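Read through the structure below, which is laid out as structure tokens, and then see the notes.
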Number of protein chains: 2
Amino acid sequence: MPLTDKQQLMMDFIETYTIDRGFPPTIRDIQEGCKISSTSVVDYNLRILERGGLLKRSREISRGIELTRRKRSDSIQVPVLGPISAGNPLMVAPIDIRTLDSDDHVAVPEEIINQHREIVAFNVKGQSMINAHIDDGDVVILSLTREIADGDIVAAWLKTDDEITLKRYFKEGDQIRLQPENDEMEPIIVNAADVEIHGKVVYLMRGY
Amino acid sequence: MPLTDKQQLMMDFIETYTIDRGFPPTIRDIQEGCKISSTSVVDYNLRILERGGLLKRSREISRGIELTRRKRSDSIQVPVLGPISAGNPLMVAPIDIRTLDSDDHVAVPEEIINQHREIVAFNVKGQSMINAHIDDGDVVILSLTREIADGDIVAAWLKTDDEITLKRYFKEGDQIRLQPENDEMEPIIVNAADVEIHGKVVYLMRGY
DNA sequence: AGCAAACTAGATCAAACGTTCTATTCTTGT
DNA sequence: ACAAGAATAGAACGTTTGATCTAGTTTGCT
């Protein structure tokens, strides 16, 4: 269905109005916002848009306009615990990654979350994983699982240190090699007892 | 602020109602939905909730209720049009990126989408943007806008060719330089008339 | 030009809806 | 038990708002 300029304008207005205010506009809001001369013209065009499947109207209900966007699903707000690999406040007890404070959240589609038991997000600081194309400022989603395989990218806490870092994980006998993906950095090899692996990277998000 | 049972019920009702119908409930909707005896009781509690910062009300406006921090938000299924930079079927007419077929979708949080008018997703094929840390298999979200700035990563269609590729965009007089982010690849310099820029990368998602 | 369909204008009506007022009942502390 | 504040009830009022009707204007087609 081809949209007239007016109809396109109305669609845009309805969308921005709804996002802006949290509720859809009335017919008269649309009239004013799109400089349309009469409510009946708005109604007329809304009917066309509804017939075209671009929106759904609830009759006799104020602001009963819903844009039928593409199929919707839920996003979950995941706490962002970063920055990872920058120094966190000194901690003496074993770090429980779930109890770290966070004041920020990032929306993650439910589809991605559902595959994992428990997840958190980390803000990546620094370029220690740059060869794995994980850049400064990226947000990584960690699955808080104990099932770690060689080569996984993990959030590791060195007990001798006071920070959590992102490294590639390799088990080598009694020892664990934490391999940065950066030519200028050396692998860290520690006894398994001296490190806690809190989870592995399952998703990455980057805004531009 | 501690919530009474009734207030919690109201919050839940408002949230599910809004997600369900696409617009917030009226005071009388809440009254019915929460089995409250009077509109004034609803109003009374709404004022408390508003004072507590849990929602915002627009006075004298029907359904003027907006929850301030929704713990869930929507994701939109965005069609994945990829793979980008692999050969698409030969096309003779100017490519309208919106009409390309896609049988796959990816969920993108509404927060990200809302900042852009129209978006599509592309499956990245190949490593031409590897220095920008965009890897084979990543999914990039494109904003279909004409507002392209130098240095933006864009989806470009060379009219002499039959494929869409991801490149960094630089305008150089009458010509456009399409710069791969890969040391082994040469920039493509073409007349502005021989290329169509369909949108720029605004988000990147990568699963592991 | 002539006609039909698409579109626009403005007014009006009834229902939906937020607001407010007064009165009553329920809690809580002393 | 008593007072004071918190919460509830019910009604009434006025504005907002969707629906509708009639009439006029524009557009597209032959």
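Chain naming here is simple, since letters A, B, ... match the order of the sequence lines and numbering starts at 1 in each. Keep in mind the model is a prediction, meaning the values are calculated, not measured.
The CD1-P distance, from B:Ile36 to C:dC26, rounds to 17 Å in whole Å. When rounded to the nearest whole Å, the span between CZ of A:Arg63 and C1' of C:dG18 equals 11 Å. Rounding to whole angstrom units, CD of residue B:Glu50 and P of C:dG18 are separated by 13 Å. The separation between A:Arg57 atom CZ and C:dA16 atom C1' is 15 Å, rounded to whole Å. Put simply, CD1 on B:Ile61 is 12 Å from P on D:dG18, counting in whole angstrom units. Rounding to whole angstrom units, CG of residue A:Asp5 and C1' of C:dT8 are separated by 16 Å. Whole-Å rounding puts the A:Asp43 CG to C:dG10 C1' distance at 14 Å. When rounded to the nearest whole Å, the span between CG of A:Leu9 and P of C:dC7 equals 16 Å.
Residues B:Gln127 and B:Asp136 have side chains that never bring a donor and an acceptor to within less than 3.5 angstrom of each other. Side-chain polar atoms of B:Ser143 and B:Thr145 form no donor-acceptor pair below 3.5 angstrom.
The pair A:Asp43-A:Arg57 meets the salt-bridge criterion, since a charged nitrogen lies less than 4.0 angstrom from a carboxylate oxygen. Ion pairing between a basic and an acidic side chain is recognised when a charged N comes within 4.0 Å of a carboxylate O; A:Arg168 and A:Glu181 show such pairing. With respect to the salt-bridge test (charged N to carboxylate O, under 4.0 angstrom), the residues B:Arg206 and A:Asp138 do not qualify.
Taking 4.0 angstrom as the limit, A:Arg28 places none of its side-chain polar atoms (N or O) nearer than this to OP1 or OP2 of D:dT16. Between B:Arg59 and C:dG18 there is no side-chain N or O to OP1 or OP2 distance below 4.0 Å. The side chain of B:Asn45 places no N or O atom within less than 4.0 Å of a non-bridging phosphate oxygen (OP1 or OP2) of D:dA6. Of the side-chain N and O atoms in A:Arg47, one or more sit less than 4.0 angstrom from OP1 or OP2 of D:dT20. Note on B:Ser62: a side-chain N or O is less than 4.0 Å away from OP1 or OP2 of D:dT17. Residue B:Lys6 has a polar side-chain atom (N or O) positioned under 4.0 Å from OP1 or OP2 of D:dT8.
Two residues, B:Glu60 and B:Ser38, neighbour DNA chain D, and the one matched to the more 5' nucleotide by heavy-atom proximity is B:Ser38. Nearer to the 5' terminus of DNA chain C, by closest-nucleotide assignment, is the contact made by A:Tyr44 (compared with the other of A:Tyr44 and A:Thr39).
Evaluation of atom-type donor-acceptor distances gives a pair under 3.5 Å for the side chain of A:Ser40 against the base of C:dG10.
Of the candidates D:dT8, C:dC7, D:dT17, the closest approach to any side-chain atom of A:Thr26 belongs to D:dT17.
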